[in-house]
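Each chain gets a letter, A, B and so on, in the order the sequences are listed, and its residues count up from 1. Computation of the quantities below employed the complete heavy-atom set of this structure, encompassing side-chain atoms and omitting hydrogens, waters and symmetry-equivalent molecules. Remember, it's a predicted structure, so these values are computed and weren't measured experimentally.
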Amino acid sequence: MNRTAFIKFRGTNSFLLHSLSSFQFATHTASLHSNVSSFIHKITNLNDALNLFDEMSHTRPLPSVVKFNQLLTAVTKIKHFSSSLDLFKQMCAIGVPVDKYSMSIAIKCCCQLYRTKDGFALLGCCFRRAISPHVYIYNALLDGLVLEDKILEAEMLFKKLIKQNLCEPDVVTYSTMIKGLCKFGNNVTALALLRLMEQKNCKPDIVTYSTIIDSLCKDKMMDDAFKLFKEMLFEKGILPDVITYTSLIHGLCNLGRWDEASKLLKQMEDENISPNVKTFNVLVDAFCKEGKVEEAEAVINIMIERGEVPNIVTYSSLIDGYCLRGEMIKAREIFDSMTLRGLVPDVVTYSSLLNGYCKNRNIEEAMQMFRQMTGQGLKPNVVTYSTMLQGLFRVGRCVDARKLFDEMYAQGQNPNECTYRIVLEGLCSNRQVEDALSLFHLIGDSRLNSDIVVYTILIDGAGKCGKVDIARVLFQGLIDKGLQPNVRTYTVMISGFCQEGLLGEAKLLFLKMDESGCPPDNVTYRVLLQGCLKNQHCDDVVMLLQEMDDRGYSLDASTLSLFIDHIAAGLLDRSMLKLLGKLVPKELLDDSSLCDWE
DNA sequence: CTAGGGTTAG
């Protein structure tokens, strides 16, 4: 065989092979192309999607970008954002001509992964590739900024869109910006934006209204929420849906306005809107927060009867309810039964149970569950760690708390204000005020340093340890900073003075708080009265009791028994008994021997 | 072939 013949043979052979394979490809491709859409719509798991992508990317000619976009959409719908991003990158790599659709999906994925920065980088790619970014892309970016709590940047982007005419904001743009404002508690600006969009002829829809209604409900401003609800319904003719109703019911339940909540439930049923899992969960949670687990269980039974399946949120609330009542065996039973139902407890579920064990002083069980959760690959977060820290401090295990605090850092979970409050309070209640103070100064966090609750904890801790000088300095310090002491702050400071026998200072502050527009409450009076009695400083006692009566306050058992002791010992005049009798709450009379003496 | 609102823990 000569060289030419060889080449020809090779060529023939190759041609044969090629035609064979292209024939196969052709049939395959044809079926792939006709079926790909129906295939994509059936995708429920990531593996199918990845396999299909693999097949598509080896098909020649390449399927259209539309098919790829459909696949990306499917992967995004099942919330596998990082896989979706990977696929997008592969699309670019194999030369699929990505378009604005692919881009907006990729950007959305970045944003949902808390990587809005990367989203903006992709926006840059759009410009380089001459893909003109449309409103969908900007909406995804705006949503990402809101998700990451970058409200200022979100506002800047929003304004830039309008000023530089980058795109015409649509109802989604406005609604997203409104959501961001609401997230930061700025209902006023959110409402202003609602009015602005109307002016600009962009009609708010049910999402826009529901976003603000929900925010008002969360802020317990039910009147405003209902006002907006009525405006939506009667002026705009937009019918509420299950989400709108769920927000309103949530708001009412949180305020204990059960009658109105059930009225609203009935109203939605009359309108043929069925409550769904989230609606039921709101009810379950509200009952549980009041310790009414029987009612919560009844709601769960109703939801099951009506074909809704309770989820981990449902059971997490229920666990919380049982924990609140100290019924830890029952709480654990619910937790274990979740697994049997095929529900996997998550960090929140674990944290609720851990909190229950901690609050009920079963730190051993809490520790064991904590290890179990990490063993299952669940990462404890700042809430979980804070819960455990609180539990350890509660039983006085400061050294272990310290270890866990270090572990928390090592695991990359940064303590937040709540963690610091727990640690500072834990140290104080374990008589380690010095450590608490040095930690407080060490942190130097501006928000923590301007937190009146933290100051109150420290003043209380110092006072209880007999370090009234430190307490006084802290109190002066917060005043100098322009912070407003609340009734608890005043009360712990007064308590500190009383404990050291500094009745003069205690009374001065007592007068000052009232003048400052912070009237003393029940507890303040009791603290001051106990201080007076313990320090044999009885001149003002009658006057204080009289004031309490005028204000409709009452005495607690310990203050009352202190009075009785003093009267019995002849340190106080018996004529005081009549006044004291007026200040005894009925509950005390019912269940104690104190009723013998009036 | 793309977007936005409601439920759980310290």
- Checking only heavy atoms, does the side chain of A/S210 share a donor-acceptor pair with the base of B/dG5 at less than 3.5 Å? yes
- Message: Once hydrogens and angles are ignored, does a donor-acceptor distance under 3.5 Å link the base of B/dG10 to the side chain of A/T387?
- Response: no
- May I have the step-by-step check of side chain to side chain contact (heavy atoms under 4.5 Å, CB included) for A/L264 and A/L252, ending in yes or no? CA-CA 9 Å; A/L264 214 54; A/L252 291 171; 4.0 Å; yes
- Where does the angle between the aromatic ring planes of A/Y409 and A/F405 fall among parallel (under 30°), tilted (30 to 60°) and perpendicular (over 60°)? perpendicular
- Query: Which nucleotide sits closest to the side chain of A/K179: B/dG4, B/dT2, B/dG10?
  - Reply: B/dG4
- Query: Considering only heavy atoms and no angle criterion, is a donor-acceptor pair shorter than 3.5 Å present between the side chain of A/S317 and the base of B/dT8?
  - Reply: no
- Message: Any donor-acceptor pair, under 3.5 Å, between the side chain of A/N416 and the base of B/dG10, if you only look at N and O atoms?
- Response: yes
- Query: Side-chain N or O of A/N355 less than 4.0 angstrom from OP1 or OP2 on B/dG10?
  - Reply: yes
- Query: Taking DNA chain B as the partner, which of residues 94-110 of chain A come within under 4.0 angstrom of it by heavy atom?
  - Reply: A/Y101, A/S104, A/K108
- Task: Would you indicate whether the side-chain heavy atoms of A/M373 and A/K379 approach each other to under 4.5 Å?
- Result: no
- Query: Under 4.0 Å between a side-chain N/O of A/K289 and OP1 or OP2 of B/dA9, yes or no?
  - Reply: yes
- Message: Determine whether a donor-acceptor pair (one donor, one acceptor, N or O, separation below 3.5 Å) exists between the side chain of A/T246 and the base of B/dG6.
- Response: yes
- Query: So, A/T176 and A/N139: side-chain donor and acceptor under 3.5 Å apart, yes or no?
  - Reply: no
- Item | For atom CD1 of A/I206 and atom P of B/dG4, their distance in whole Å | 16 Å
- A/Y385 and A/F370 aromatic ring geometry - parallel, tilted or perpendicular at 30°/60° bounds: perpendicular
- Query: Would a 4.5 Å heavy-atom cut-off, applied to side chains only, mark A/S337 and A/R341 as touching?
  - Reply: yes
- Going by modelled atom types, is there a donor-acceptor pair between the base of B/dA9 and the side chain of A/S351 at under 3.5 Å? yes
- If only side-chain N and O atoms of A/K218 are considered, is one of them under 4.0 Å from the OP1 or OP2 phosphate oxygen of B/dT7? yes
- Under 3.5 Å donor-acceptor pair, A/D205 side-chain atoms to B/dG4 base atoms: yes
- Heavy-atom distance under 4.5 Å between the side chains of A/F53 and A/F68, does that happen here? yes
